[in-house]
Amino acid sequence: MVDELPEGALRAIQLAPLPPHLRALFEALPAPVRLDAALPARPEDLPSAVLQLLKLAGLGTRLHEGRVAVAAPGDALRVT
């Protein structure tokens, strides 16, 4: 769950810019989509697109948060 991420990552997600057209796109999906992610421990290593997806998952769009956790050291960022 996103709530279990380090404070720096949570703050980066909250502050991520979210263009209105991106939110509208995900609100219009015909079926819910689950977002799972293994994230790097350092928030500065999170790409803006990943931050936006995680933010969208928490805003009540058709994108829903699945398993989101910090990846093991040395593991790559993974979003499915």
Side-chain angles (χ1 to χ4, degrees):
M1 301 293 287
V2 169
D3 295 340
E4 298 169 4
L5 294 176
E7 184 62 33
L10 291 173
R11 181 141 176 83
I13 292 166
Q14 292 169 346
L15 296 176
L18 194 58
H21 69 275
L22 187 60
R23 183 173 183 168
L25 176 73
F26 280 89
E27 287 174 342
L29 289 173
V33 175
R34 178 181 159 149
L35 177 71
D36 295 314
L39 308 174
R42 297 175 0 136
E44 56 271 14
D45 292 338
L46 290 166
S48 61
V50 172
L51 294 172
Q52 290 172 336
L53 288 172
L54 291 167
K55 186 172 185 173
L56 277 168
L59 293 178
T61 65
R62 302 285 280 175
L63 185 64
H64 298 278
E65 176 190 322
R67 185 175 187 284
V68 179
V70 174
D75 285 355
L77 166 71
R78 186 176 65 252
V79 179
T80 58

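The closest donor-acceptor contact from the side chain of Arg62 to the backbone of Pro30 lies under 3.5 Å. With Arg23 contributing its side chain and Leu59 its backbone, the two residues share a donor-acceptor pair below 3.5 Å. Checked by atom type and distance alone, the side chain of Gln52 pairs as donor or acceptor with a backbone atom of Pro17 at under 3.5 Å.
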Q | Check against side-chain contact (heavy atoms from CB on, under 4.5 Å), Asp36 and Val68 | A | CA-CA 5 Å; Asp36 295 314; Val68 179; 6.0 Å; no
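Leu53 places a side-chain heavy atom less than 4.5 Å from the side chain of Phe26. Taking the side chain as every heavy atom from C-beta outward, Leu56 and Leu35 never approach each other to under 4.5 Å.
Among all heavy-atom pairs drawn from His64 and Pro32, the shortest one is CD2-CB, 3.5 Å. Here the shortest heavy-atom pairing between Leu5 and Ala9 reads CB-CB, 4.1 Å. Here the closest non-hydrogen pair linking Pro6 and Val70 is CD-CG2, 3.6 Å. Across all non-hydrogen atoms, the minimal contact from Ala76 to Ala71 is O-CB, 4.4 Å. Of all heavy-atom pairs between Gln14 and Lys55, the closest is O-NZ, 3.1 Å.
Atom CG in Leu39 sits 10.5 Å away from atom CG in Asp45 (nearest 0.5 Å).
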